[in-house]
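First comes the structure, then the notes that go with it.
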Amino acid sequence: MTPPLRVVIADDQALVRAGFRMILASDGFDVVAEATNGSEAVDAVRSTRPDVVLMDIRMPELDGLEATRRILTGAAADQPSVIMLTTFDLDEYVYAALTAGASGFLLKDVSPEHLLAAVRLVRTGDALLAPTITRRLVERFARRHHSETPTIPRDLAALTARELEVLRLLAEGLNNAEIADRLTVSEATVKTHVAHILAKLGLRDRVQAVVLAYQTGLINPATPQ
């Protein structure tokens with residue numbers, strides 16, 4: 001029998017933590033720790049080794065962005081998936097967190113069903129960004145951060161022509177089924193291409209692949225309105 005996913009909840013609002021804990025526990029998830037700030041979150045992750053961390057962005061002492069960077073430093077095999085929590089769907093800190101390795105973000109008013117699905121999803125290596133959010137978020141901040149040193153490799157030469165095509169479609173926010181339909185191939189084939197892209201570029205998940213597509217110029221950020 002597969003053991004339940006282990007989750008750490010980091011948020012300075014007690015009601016948010018209690019609500020998320022209740023939702024997760026009701027569906028069999030194991031909430032192994034709670035944290036009220038980033039420092040506590042880092043310590044909780046190191047002591048409990050969870051599968052997923054729900055991380056608030058704005059917290060006292062140490063914010064969620066820096067906590068995420070510290071958590072995701074080290075061997076990939078020992079790292080959890082981090083989901084950022086925010087009240088804004090276009091928060092600059094979210095973009096920075098994605099480049100640091102977070103697997104996506106949720107708004108704090110997320111429905112119980114979406115929360116449960118999200119925690120499961122990130123453990124498969126998939127992205128937790130809706131297509132419209134992907135484009136709005138990355139396009140808004142990729143140009144602004146273009147001069148910063150990226151945390152992911154910039155050379156796409158290792159990819160085949162088909163893999164580059166798949167990467168472009170990922171950056172447009174398409175999911176596997178939509179990419180399969182666009183390229184007239186099976187969804188299993190798309191999954192294989194995505195796996196190869198991530199492996200060749202040393203990326204954690206699809207979120208980093210999307211960010212990389214913009215940072216390398218494979219996809220050009222839209223001119224801000």
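- Under 4.0 Å is where a charged nitrogen must lie from a carboxylate oxygen, and between Glu165 and Arg162 at least one such pair does.
- Interatomic distance, CG of Leu169 versus CG of Leu164, reported as 11.0 Å (0.5 Å rounding).
- Gln79 places a side-chain N or O within 3.5 Å of a backbone atom of Leu72 that can act as its donor or acceptor partner.
- Contact of the Phe20 side chain with the Val110 side chain is registered, since non-hydrogen atoms from C-beta on lie closer than 4.5 Å.
- Residues satisfying the side chain to side chain donor-acceptor pair (under 3.5 Å) criterion with Ser81, sequence neighbours excluded, are Arg123.
- The distance from atom CZ of Arg182 to atom CG of Leu174, rounded to the nearest 0.5 Å, is 5.0 Å.
- Atom CG of Leu201 is separated from atom CG of Leu156 by 6.0 Å, given to the nearest 0.5 angstrom.
- Counting only distance, with no hydrogens or angles, the side chain of Glu40 and the backbone of Thr36 share a donor-acceptor pair below 3.5 Å.
- Once rounded to the nearest 0.5 Å, the distance linking CG of Asp63 with CZ of Arg69 reads 8.0 Å.
- Of the possible polar contacts, none joining the Asn37 side chain to the Met59 backbone as a donor-acceptor pair under 3.5 Å is found.
- Judged by distance alone, with hydrogens and angles left aside, the side-chain atoms of Glu178 form a donor-acceptor pair with the main-chain N or O of Asn175 at under 3.5 Å.
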Give the intermediate values and the outcome of side chain to side chain contact (heavy atoms under 4.5 Å, CB included) for residues Leu183 and Thr189. CA-CA 10 Å; Leu183 299 180; Thr189 298; over 6 Å; no

Indicate every side-chain donor-acceptor pair of residues 26-35 with a distance under 3.5 Å to a residue at least two apart or in another chain.
from	atom 1	to	atom 2	distance (Å)
Ser26	OG	Met22	O	3.4
Ser26	OG	Ile23	O	2.6
Asp27	OD2	Arg120	NH2	2.0
Glu34	OE1	Arg17	NE	3.0
Glu34	OE2	Arg21	NE	2.4
Glu34	OE2	Arg21	NH2	3.1

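- The two residues Ala67 and Met55 have their closest heavy-atom pair at CB-CE, 3.7 Å.
- The line from CG of Leu167 to OG1 of Thr160 is 10.5 Å long, rounded to the nearest 0.5 Å.
- Partners of Thr48 by side chain to side chain donor-acceptor pair (under 3.5 Å), not counting sequence neighbours: none found.
- Each of Leu54, Thr86, Asp11 was compared with Lys108 under the side-chain contact (heavy atoms from CB on, under 4.5 Å) criterion, and only Asp11 meets it.
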Apply the test side chain to side chain contact (heavy atoms under 4.5 Å, CB included) to residues Arg70 and Leu62: give CA-CA distance (whole Å), side-chain angles for both, the deciding distance (0.1 Å), then the verdict. CA-CA 11 Å; Arg70 296 184 187 185; Leu62 187 72; 3.7 Å; yes

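- Using a 4.5 Å cut-off on side-chain heavy atoms (C-beta onward), Pro80 and Val45 make contact.
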Could you check Asp56 against Val16 for side chain to side chain contact (heavy atoms under 4.5 Å, CB included), going step by step and ending with a plain yes or no? CA-CA 10 Å; Asp56 189 17; Val16 172; over 6 Å; no

